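Owing to the predicted nature of the structure, the values given are computational and were not obtained by experimental measurement.
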Amino acid sequence: EGLKEVELLKKIKENLLANFPLRRMEFTEEELKIMKPFNFLTLKPMIYMANVNEEDLLNKNNEHVLKVEGYAEAEGAKVIKVCAKIEDEKLEFLNDLGIEESGLNKLIKATYSLLGLETFFTAGTDEVRAWTYKKGMKAPECAGIIHTDFQKGFIRAEVMSYFDLEKYGNEKAVKEAGKTRLEGKEYI
């Protein structure tokens with residue numbers, strides 16, 4: 001085992017010294033298992049962000065962005081184009097330019113997707129909270145994110161859509177409209 005680790009670390013060192021990120025290398029399942037405790041930063045997935053001017057947000061032929069996209073493609077990464085100059089402006093200004101979503105929102109969505117994350121909300125009379133969870137987690141596991149006791153004692157979740165809550169205005173009205181449902185332990 002020790003010899004396998006040493007040989008693998010030598011291979012890794014050579015590539016790192018050649019400025020070659022580990023995410024561009026291919027590893028066997030066994031090698032990945034050996035590497036796990038080292039938490040190599042260059043093995044982590046990446047999202048590249050290209051800061052461009054206003055005109056290049058819609059331009060698909062910017063030579064610099066194309067270079068970044070080519071580099072990112074080699075490691076299966078995404079590129080998000082952003083114009084930092086207008087990111088702080090109102091959505092109305094972005095709409096005037098023909099842009100439907102800010103670069104920051106695109107970055108957040110791409111990051112969540114890359115990491116396999118999603119969000120659920122809990123709502124009470126005095127607060128609404130957002131909770132991040134791994135895609136595919138079942139309701140009891142998500143309840144455990146809020147508090148471990150909730151996971152242990154989970155029976156069911158009362159669920160409603162955000163859009164229904166927005167449409168009807170409050171939890172009581174959603175219930176009266178018959179838009180809530182009860183979900184059990186297998187609910188994803």
Please examine the side chains of [Y] and [X], heavy atoms only from C-beta on, and report whether any two atoms are closer than 4.5 Å.
{"X": "Phe38", "Y": "Glu5", "answer": "yes"}
{"X": "Asn39", "Y": "Lys44", "answer": "yes"}
{"X": "Leu8", "Y": "Phe27", "answer": "yes"}
{"X": "Ser113", "Y": "Lys78", "answer": "yes"}
{"X": "Val174", "Y": "Asn170", "answer": "no"}
{"X": "Leu117", "Y": "Lys134", "answer": "yes"}
{"X": "Val52", "Y": "Val65", "answer": "yes"}

For this session: Measure the CG-CG distance between Leu16 and Leu22 for me, rounded to the nearest 0.5 Å.
Result: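 Nearest 0.5 Å value for the CG-CG distance: 4.5 Å.
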Exercise. What distance do Lys67 atom NZ and His64 atom NE2 have between them, rounded to the nearest 0.5 Å?
Worked result: 6.5 Å
Problem set entry | Distance-only polar pair, side chains of Glu118 and Tyr112, donor-acceptor under 3.5 Å |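 No, because no side-chain N or O of Glu118 sits under 3.5 Å from a partner of the opposite role on Tyr112.
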Problem set entry | Thr122-Trp131 side chain donor-acceptor pair, cut-off 3.5 Å |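 Looking only at side-chain atoms, Trp131 and Thr122 do form a donor-acceptor pair, the distance falling under 3.5 Å.
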Minimal non-hydrogen separation, [X] against [Y], with atom names:
{"X": "Thr132", "Y": "Ile145", "value": "O-CD1, 3.5 Å"}
{"X": "Gly98", "Y": "Leu58", "value": "O-CD2, 4.3 Å"}
{"X": "Ile12", "Y": "Phe40", "value": "CD1-CE1, 3.9 Å"}
{"X": "Ala130", "Y": "Phe121", "value": "CB-CE2, 3.6 Å"}
{"X": "Pro45", "Y": "Leu114", "value": "CB-CD1, 3.6 Å"}
{"X": "Ala110", "Y": "Ile80", "value": "CB-CD1, 3.9 Å"}

Problem set entry | From CA spacing to verdict: side chain to side chain contact (heavy atoms under 4.5 Å, CB included), Tyr48, Glu75 | CA-CA 11 Å; Tyr48 293 90; Glu75 52 191 56; 2.6 Å; yes
Problem set entry | Trace of the side chain to side chain contact (heavy atoms under 4.5 Å, CB included) decision for Lys167 with Ser161 | CA-CA 10 Å; Lys167 178 180 176 181; Ser161 131; over 6 Å; no
I'd like a table of donor-acceptor pairs (distance under 3.5 Å, sequence neighbours excluded) in which one partner is a side-chain atom from residues 177-188, with atom names and distances.
from	atom 1	to	atom 2	distance (Å)
Arg181	NE	Glu183	OE2	2.7
Arg181	NH2	Tyr187	OH	3.1
Glu186	OE1	Lys138	NZ	2.4

Taking atom [atom1] as the centre, does [X] end up with more than 12 heavy-atom neighbours from other residues, nucleotides or ligands that are less than 6.0 angstrom away?
{"X": "Glu29", "atom1": "CD", "result": "no"}
{"X": "Lys109", "atom1": "NZ", "result": "no"}
{"X": "Phe20", "atom1": "CZ", "result": "yes"}
{"X": "Leu17", "atom1": "CG", "result": "yes"}

Exercise. Run the side chain to side chain contact (heavy atoms under 4.5 Å, CB included) check on Thr111 and Leu107 step by step: do they pass?
Worked result: CA-CA 6 Å; Thr111 302; Leu107 176 64; 3.9 Å; yes
Problem set entry | Steps toward side chain to side chain contact (heavy atoms under 4.5 Å, CB included) verdict (Val79, Met49) | CA-CA 6 Å; Val79 176; Met49 193 170 205; over 6 Å; no
Shared hydrophobic cluster for [X] and [Y] (ILVMFWY, side-chain gaps under 4.5 Å):
{"X": "Leu165", "Y": "Val159", "value": "no"}
{"X": "Leu32", "Y": "Met25", "value": "yes"}
{"X": "Met35", "Y": "Leu9", "value": "yes"}

For this session: Verify side chain to side chain donor-acceptor pair (under 3.5 Å) between Asn59 and Asp56, making sure each step is shown before the conclusion.
Result: CA-CA 4 Å; Asn59 177 6; Asp56 283 329; 2.9 Å; yes
Exercise. Salt-bridged, Glu101 to Lys106, with N to O below 4.0 Å?
Worked result: no
Exercise. Can a salt bridge be assigned to the pair Lys4 and Glu31 using a cut-off of 4.0 Å between side-chain N and carboxylate O?
Worked result: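 No, this pair does not count.
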Exercise. Under the salt bridge (charged side-chain N to carboxylate O under 4.0 Å, His left out) criterion, do Lys175 and Glu171 qualify, and how do the steps go?
Worked result: CA-CA 6 Å; Lys175 285 180 182 178; Glu171 189 178 344; 3.7 Å; yes
Problem set entry | Tyr71 six-ring face occupied by Arg24 cation (under 6.0 Å, within 45°) |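 Flagged: Arg24 positioned over aromatic ring of Tyr71.
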Problem set entry | Partners passing ring pair (Phe, Tyr, Trp, His ring centres under 6.0 Å) against Phe150 (at least two apart in sequence or in another chain) |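 So Phe150 forms a ring pair (Phe, Tyr, Trp, His ring centres under 6.0 Å) with His147.
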